[in-house]
Amino acid sequence: MKLNNNYNNLEESYLFSTVAKKVSEFAQNNPDKKIIKLGIGDVTLPLCSAVINALHNAVNEMSSQDTFRGYGPEQGYDFLRNAIKHYYTNRNVDLDIDEIFISDGAKSDLGNILDLFDKDNVVLVPDPVYPVYVDTNIMAGRKVVFVDAKQDNKFLPMPDKSVKADIIYICSPNNPTGAVYNKLQLKTWVDYALSNNAIILFDAAYESFISDDDLPKSIFEVDGAKDCAIEFCSLSKTAGFTGTRCGYTIVPKSLGKLNKMWLRRQTTKFNGVPYIIQKGAEAVFSDEGLLEIRKNIDYYKANAKIISGTLEKCGIWHVGGKHSPYIWLKCPNNMSSWEFFDYLLNNIQVVGTPGAGFGNNGEGYFRLTSFGSKENTVEAMKRFESLFIK
Ligand code: PLP
């Protein structure tokens, strides 16, 4: 037996465990202080009633022999794939249902898709970004090169023609910076990928937070993308499915073998998302569901507005929050990400996420999320004002 030694090349991920450790130590030493967490990107609002009703109905179906379901199609039931197809038609993207694959969330598919690619591909990843892209490639022994996302390119790096990449990750709206590419910028990436015979792995987990109709929610809104991109999407942040688990991946048939290969991969290694969950997911795309989830997203976006309004008043440089649940701020007084974390925890008991955990370029930055309750967000921002406005 030989181990996969690529695992030795992974950097230990201390981010959320260190955050949790520091917070629990502080809480133990200061039991009278109320800590407000605006750190982890998990939702707090419950599932909407359209989803809950659909889940209940599906549970009832499982209790009767006539309507009971066993194994379903690995790539998802047609009722959900059709609902997603319709969701895309409304933004002028035409998909065949055979291009839509239902999953238990974007994280699994982002990792699993790598089964389709040879080890010797060069992988291009923006820095900072969602850490899963880097770690899944390191596990497979692939070479990762980084493209810098910085204040001077508005955290939206563009392709460097002198760099030859085979697999390109794009996350728009971005976690953690909240930056969103416009169509022209995405078209430049698509043209770059086409000229390099590369594939773009487009993570659209936060598409539903985009409020400007001119900004693309799907890479397939861009000409040529169906010849060079796979899109990953999730109901986690869109509809509060972080614990319920459902997402989908779009592998266009125009990518040639990749569509069939992904079908083969999924039918071999995956047995599908539970019928009950897929019924709940279908309800997200109903008229009622779409209205209800919009209300929840608006609630989070109102929190984001409260946060950015306060940061403005405090004179703290920040971006994001407009088309994303995340606000990305520059730590004041040249503090490092972790220094600022400690400073907030010790002085006002507000917890955020140190930007350094998302890549080297995240050092000196900090992420706050709008996924908390309105009350907690307002209270946290009052504390910011008391600390930063003298
Ligand atoms: N992609 C990005 C950019 C994320 O931030 C997250 C979760 O935080 C995911 C994917 C994972 O989504 P899911 O819950 O569908 O696995």
Side-chain angles (χ1 to χ4, degrees), residues 13 15-16 19 37-45 47 51 76 80 84 100-114 125-137 149 155-157 167-181 200-210 216-219 229-250 266 270 272-274 277-278 280-281 284-285 293 296-297 300 304 320-321 323-328 352-355 357-359 362 367-372:
S13 173
L15 181 64
F16 289 107
V19 167
K37 294 183 184 166
L38 300 181
I40 291 181
D42 198 358
V43 294
T44 50
L45 292 172
L47 294 173
V51 170
L80 179 54
I84 293 167
I100 303 168
F101 295 82
I102 309 303
S103 72
D104 63 348
K107 190 184 196 178
S108 331
D109 276 10
L110 281 160
N112 295 335
I113 200 81
L114 296 178
V125 178
D127 170 8
V129 87
Y130 183 51
V132 167
Y133 312 154
V134 174
D135 287 354
T136 48
N137 277 289
F155 297 99
L156 292 171
I167 299 174
I168 301 157
Y169 284 84
I170 297 181
C171 179
S172 177
N174 182 275
N175 176 11
T177 66
V180 196
Y181 283 106
I200 294 175
L201 302 181
F202 187 78
D203 187 343
Y206 298 96
E207 56 83 16
S208 56
F209 283 79
I210 296 180
K217 294 182 168 184
S218 161
I219 194 163
I230 294 175
E231 180 157 298
F232 301 85
C233 214
S234 163
L235 297 187
S236 286
K237 317 296 161 91
T238 301
F241 271 56
T242 49
T244 308
R245 308 304 307 146
C246 195
Y248 50 92
T249 294
I250 294 163
Q266 291 298 80
F270 184 55
V273 174
I277 302 298
Q278 292 194 54
V284 168
F285 299 100
I293 62 162
N296 289 357
I297 291 167
Y300 295 133
H323 307 292
S324 146
Y326 300 122
I327 288 100
W328 182 245
T353 309
F358 297 98
R367 192 191 77 175
L368 291 174
T369 95
S370 61
F371 283 130

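Note that ligands are numbered from 1 as they come in the structure, with each ligand's atoms numbered from 1 the same way.
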Whether Tyr169 and Tyr133 hold their rings parallel, tilted or perpendicular, with breakpoints at 30° and 60°:
parallel
Judging by distance only, is a nitrogen or oxygen of Ser234 under 3.5 angstrom from one on ligand 1?
yes
Short N/O distance, under 3.5 Å, between Ala106 and ligand 1?
yes
Atoms in ligand 1 flagged as close to Gly105, the criterion being non-hydrogen separation under 4.0 Å:
15 (O), 16 (O)
When you compare ligand 1 with Tyr130, is there at least one nitrogen or oxygen pair between them that comes in under 3.5 angstrom?
no
Which of the numbered atoms in ligand 1 are below 4.0 angstrom from a heavy atom of Cys171?
3 (C)
What protein heavy atom is closest to atom 14 (O) of ligand 1, reported as residue, atom name and distance in Å?
Ser236 OG, 2.6 Å
Say whether Tyr133, considering both its backbone and side-chain N or O atoms, lies within less than 3.5 Å of an N or O atom on ligand 1.
no
Lys107 versus ligand 1: do any nitrogen or oxygen atoms come within less than 3.5 Å of each other?
yes
Could you report the tightest heavy-atom contact between Leu235 and Ala281, atom names first, then the distance?
CD1-CB, 3.5 Å
Donor on one side chain, acceptor on other, Glu231 and Ser218, under 3.5 Å:
yes
I'd like to know if the side chain of Arg367 reaches the main chain of Pro176, judged simply by a donor and an acceptor atom lying under 3.5 Å from each other, with no hydrogens or angles considered.
no
Identity and distance of the protein heavy atom lying nearest atom 2 (C) of ligand 1:
Asp203 OD2, 3.3 Å
Between Pro216 and Tyr181, which heavy-atom pair has the shortest distance, and what is it?
CD-O, 3.3 Å
Going by atom types alone, do Asn174 and Tyr130 pair a side-chain donor with an acceptor below 3.5 Å?
no
Counting heavy atoms under 4.0 Å, the part of Tyr206 that contacts ligand 1 is side chain
Centroid-centroid under 6.0 Å between Tyr206 and Tyr326 rings:
yes
